[in-house]
Amino acid sequence: MKKGLFVSLLLALAGCASLNTSSVDWIPIGPEFSPTKPQNIEIVASAKEITRAYGNIGLLRIKNLKPDRETLKMGVEKGKKIAASKGADAILLGQYNSASDGSTDPRVTLIIYTIKYLDTMNAKDLQALDDFEVMGILNERSED
């Protein structure tokens with residue numbers, strides 16, 4: 001029993017170590033909303049699966065992941081946590097695999113679009129959307 005627990009712990013730590021070598025990029029496209037819970041984040045593999053009105057609030061890239069199932073699962077869980085902190089309701093998954101370029105040590109980059117459903121927005125979220133729009137107008141340059 002103790003040996004099994006020890007082996008499980010070692011495997012978990014090994015997986016965490018490979019995830020810790022990854023790097024994360026957050027590219028905001030829209031405002032951040034009220035945080036949601038990671039366990040409530042819906043995972044979709046195609047935009048065709050989204051049947052509700054939504055907006056893409058940002059792009060998340062988790063780079064340099066080993067292409068094994070456990071590491072990729074941990075990458076998705078990390079993506080859910082980050083997306084939830086930005087107020088997302090769902091994530092749309094994609095990936096880039098360096099093995100397709102002939103790499104001898106292939107790595108995967110998870111590409112995650114963070115989705116906000118319009119029917120889940122509260123008053124604070126609507127204000128964040130208005131503020132974001134105003135800041136966009138202020139940042140525009142005029143030719144006058």
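Remember, predicted model here, so these are calculated numbers, not experimental data.
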For this session: Compare all side-chain heavy atoms of E42 with those of Y117 and state whether any distance is below 4.5 angstrom.
Result: yes
Problem set entry | Side chains of I62 and T109 in contact at under 4.5 Å (non-hydrogen atoms) | no
Problem set entry | Short side-chain to backbone donor-acceptor contact, T36 and A88, under 3.5 Å | yes
For this session: Indicate yes or no: at least one non-hydrogen side-chain atom of N97 is less than 4.5 angstrom from one of P106.
Result: yes
Exercise. K124 and Q127: side-chain contact (heavy atoms from CB on, under 4.5 Å), yes or no, with the steps?
Worked result: CA-CA 5 Å; K124 185 177 175 184; Q127 184 62 51; 5.7 Å; no
Exercise. With sequence neighbours left out, what residues match K48 under side-chain contact (heavy atoms from CB on, under 4.5 Å)?
Worked result: S46
For this session: Check the hydrophobic clustering (I, L, V, M, F, W, Y; side-chain heavy atoms under 4.5 Å; chains of links allowed) and say if L118 and F33 are grouped together.
Result: yes
For this session: Decide, yes or no, whether a salt bridge links D89 with R52 under the criterion of side-chain N to carboxylate O below 4.0 Å.
Result: no
For this session: Using the rule that two of Ile, Leu, Val, Met, Phe, Trp, Tyr join whenever any of their side-chain heavy atoms come within less than 4.5 Å, decide whether I111 and I115 are in one cluster.
Result: yes
Exercise. Sub-3.5 Å donor-acceptor pair from the side chain of K86 to the main-chain atoms of P35, do we have one?
Worked result: no
Exercise. Does I57 belong to the same Ile/Leu/Val/Met/Phe/Trp/Tyr cluster as F132, with side-chain heavy atoms less than 4.5 Å apart forming each link?
Worked result: no
Problem set entry | Non-neighbouring partners of L126 that pass side-chain contact (heavy atoms from CB on, under 4.5 Å), sequence neighbours left out | M121
Exercise. Does any N or O in the side chain of N64 come within less than 3.5 Å of the main-chain N or O of V108, such that one atom is a donor and the other an acceptor?
Worked result: no
For this session: For side-chain contact (heavy atoms from CB on, under 4.5 Å), just list the numbers for L92 and E49, CA-CA rounded to whole Å, side-chain angles, deciding distance to a tenth of an Å, and then say yes or no.
Result: CA-CA 9 Å; L92 173 59; E49 294 177 30; over 6 Å; no
For this session: Say whether I27 and Y54 are linked into one hydrophobic cluster, either directly or through other cluster members, by side-chain heavy-atom distances under 4.5 angstrom.
Result: yes
Exercise. Heavy-atom distance under 4.5 Å between the side chains of L60 and D25, does that happen here?
Worked result: no
Problem set entry | Between NZ on residue K81 and CD on residue Q39, distance to nearest 0.5 Å | 10.0 Å
For this session: State, yes or no, whether a side-chain contact exists between L110 and V76 at a heavy-atom distance under 4.5 Å.
Result: yes
Exercise. Please walk me through it: do I82 and V24 pass side-chain contact (heavy atoms from CB on, under 4.5 Å)?
Worked result: CA-CA 10 Å; I82 295 169; V24 176; 3.8 Å; yes
Exercise. Stepwise, does the side-chain contact (heavy atoms from CB on, under 4.5 Å) test hold for R107 with L65?
Worked result: CA-CA 5 Å; R107 298 290 181 199; L65 297 173; over 6 Å; no
Problem set entry | Set of side-chain contact (heavy atoms from CB on, under 4.5 Å) partners for N56, sequence neighbours left out | I29, Y113, T114
For this session: For residues A128 and P31, report the shortest heavy-atom separation together with the two atoms involved.
Result: O-CB, 3.6 Å
Exercise. So which heavy atom on D125 is nearest to which on N122, and how close?
Worked result: N-OD1, 2.8 Å
For this session: For the residue pair K80 and I112, establish whether any side-chain heavy-atom pair is separated by less than 4.5 Å.
Result: no
For this session: Working to the nearest 0.5 Å, report the span between OG1 of T71 and NZ of K73.
Result: 11.0 Å
